[in-house]
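Comments concern the structure below.
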Amino acid sequence: MLCSVMTSRQLTVAVRSRKMSATTCRRMKAGFTLAFVVCCLSSAGVHGDSFTVLQAPEFVSFQKGDWPVSGEKVPDVVALTMGFSVQEDLLWPGLQAGPLFQRPRANVLIVVRGVDSLSFSQPLASYPLENPVPFTLDGVAETVHSLFSEYTPVVLQLAPSEERLYMLGKANAVFEDLPVTLQQIRARLSQDGSVLTSLPLNSLSRNSEADLLFLSEVQVLHDIAALLQRHRHLAKDFSPDLYSLELSGLEELSRLYGKDSPQYRDATAILASVLQKFGEDMFRLYGNRAVVEVVTVKTFEAPLTRKSRSILESKQISNPGSPYNLAYKYNFQYAVIFNIVLWLMIALALAVIVISYNLWNMDPGYDSIIYRMTNQKIRVD
């Protein structure tokens, strides 16, 4: 009887201990899950910058994945999508090699400062951006201008620096009336067809400097697409075009109102829809052969300064025929002409050597019939 009582007590203690261990395990699992979620959210907040591809032709293959791309390698990605070579191999699996004889007609890169990501509807691919250092596409622009200077390449760079608009090529006349300064865009916003009549401003004000800066950048995007629609021949020529646009309106709004303000939320929603439509318009204008990328960064790790000098500041002129120190014109047919002349000279040199050798070793017994008949006539006389 005593043994049976002790056994029942032992069973009761064992059942209670099992219940306590199960409860402890559930609590530990919940704690680990909460810690994992917090770590993920904190890592997403720190590394939230992104490189998003909105539009791209079929022959430019962006692979979907979470492969991070460095900020300093973004110009190399743009150069490779346009079919140009880079100094160092890009060891990034997000971009695959495409056809050799097909290249996009345009590349549009938009840098948005002050936000880590924007909600786009069905982007082609999105990658985390690490090491967000300031970069420019000056090298790609010089390549386009040097290879296609005889045509009408559109090289348009917009940056919040001393020179807000920087253009190269023969297509400057089309964009020379594009408003770029804040005073010009204020006047443009009050004209017919401005974005103020079509955008839902909500909490944004027309009397605030920061709000006007943001709206001015939206107006510039609208005017660029409108100018290209009126001058469609620029999108159909042989030369590829390059657009590098940097927007800092959201950064000013977050600095003035804060990221939890209704002004910042409204501006973020407006910019996402405007960029989506701008990318679709540019993609359609270039016959579905344009690449549109958006880089979103909260802030750059280094002060943003333009890594180029004005051509008007140059004192040493390498080309005396140009007052702006421009390089000598590079003919796109140079490689073709060089190969034709080279192999033609080699063929002529080999022909001269063969003919000279045969003449030198010619047998006199194989003279032509004219000389043989002449010799016989002399003998008869």
Side-chain angles (χ1 to χ4, degrees), residues 49-57 60 62 68-84 86 90 92 94-95 103-118 120 123-145 153-161 164-169 171 175 178 217-218 220-221 224-225 228 235 239-251 271-272 274-283 285-286 289-297 300 304 306-308:
D49 302 333
S50 62
F51 175 81
T52 306
V53 182
L54 295 182
Q55 303 289 340
V60 178
F62 283 97
V69 56
S70 178
E72 59 186 6
K73 294 297 182 181
V74 172
D76 293 343
V77 175
V78 174
L80 290 175
T81 56
M82 299 185 70
F84 302 145
V86 294
L90 182 64
W92 181 59
L95 179 63
R103 73 171 70 213
R105 291 182 179 177
N107 190 291
V108 183
L109 177 66
I110 306 169
V111 180
V112 181
R113 292 163 50 183
V115 64
D116 54 357
S117 62
L118 293 172
F120 298 109
L124 291 183
S126 183
Y127 311 97
L129 183 71
E130 62 181 9
N131 190 22
V133 296
F135 61 88
T136 61
L137 300 184
D138 292 340
V140 184
E142 293 176 0
T143 303
V144 173
H145 181 60
V154 178
V155 181
L156 187 63
Q157 294 178 312
L158 178 68
S161 61
R164 288 189 58 83
L165 192 64
Y166 181 69
M167 293 182 293
L168 289 173
F175 297 94
L178 187 68
E217 294 174 345
V218 175
V220 170
L221 295 177
I224 290 174
L228 284 177
S239 60
D241 300 335
L242 177 66
Y243 299 87
S244 176
L245 312 175
E246 187 172 336
L247 310 180
S248 60
L250 281 180
E251 188 177 25
L271 186 60
V274 168
L275 290 180
Q276 186 75 42
K277 184 179 183 303
F278 179 73
E280 294 173 357
D281 292 342
M282 298 293 287
F283 188 70
L285 284 171
Y286 282 93
R289 296 185 61 183
V291 181
V292 182
E293 305 111 339
V294 176
V295 175
T296 55
V297 292
F300 285 108
L304 183 61
R306 185 172 182 79
K307 298 181 179 180
S308 65

How about Leu275 and Val292: do any of their side-chain heavy atoms sit closer than 4.5 Å?
-> no

Over all atoms of both residues, closest heavy-atom pair of Val133 and Gly71 | CG2-C, 4.3 Å

Verdict with supporting geometry, Val60 and Leu95, side chain to side chain contact (heavy atoms under 4.5 Å, CB included) | CA-CA 8 Å; Val60 178; Leu95 179 63; 4.2 Å; yes

Looking at Leu271, Val112, Leu245, which one forms a side chain to side chain contact (heavy atoms under 4.5 Å, CB included) with Val294?
-> Val112

Would you check, one step at a time, whether the test side chain to side chain contact (heavy atoms under 4.5 Å, CB included) holds for Val74 with Leu129?
-> CA-CA 9 Å; Val74 172; Leu129 183 71; 4.2 Å; yes

Leu247 versus Val220: any side-chain heavy-atom pair under 4.5 Å?
-> no

State, to 0.1 Å, how close Ala225 and Leu285 come at their nearest heavy-atom pair, and which atoms those are.
-> O-CD1, 4.0 Å

Indicate yes or no: at least one non-hydrogen side-chain atom of Pro75 is less than 4.5 angstrom from one of Thr136.
-> no

Distance from Arg113 atom CZ to Glu251 atom CD, nearest 0.5 Å?
-> 4.0 Å

Here the pair of heavy atoms bringing Ala290 nearest to Met282 is CB-O, 4.1 Å

Quick one: CG on Leu54 to CG on Leu118, what's the gap to the nearest 0.5 Å?
-> 9.5 Å

4.5 Å side-chain heavy-atom contact, Thr81 and Phe62 | yes

Test Asp76 against Trp92 for side chain to side chain contact (heavy atoms under 4.5 Å, CB included), laying out the working first.
-> CA-CA 11 Å; Asp76 293 343; Trp92 181 59; over 6 Å; no

Given side chains that start at C-beta, do those of Tyr243 and Leu228 come closer than 4.5 Å, heavy atoms only?
-> yes

Donor-acceptor pair between Ser50 and Thr296 side chains, under 3.5 angstrom | yes

Which value, rounded to the nearest 0.5 Å, describes the distance between Glu293 atom CD and Leu124 atom CG?
-> 10.5 Å

Can you name the closest pair of heavy atoms from Gly249 and Glu217 and give their distance?
-> N-OE1, 3.0 Å

Is any side-chain heavy atom of Val154 closer than 4.5 Å to a side-chain heavy atom of Phe175?
-> yes

Any Phe135 side-chain heavy atom under 4.5 Å of Leu109 side chain | yes

Is Met82 close to Thr143 at the side-chain level, that is, under 4.5 Å between some pair of heavy atoms?
-> no

Do you know the tightest heavy-atom contact between Asp241 and Ala235?
-> OD2-CA, 4.5 Å

All heavy atoms of Glu280 vs all of Gln55, minimum pair found to be CG-NE2, 3.7 Å

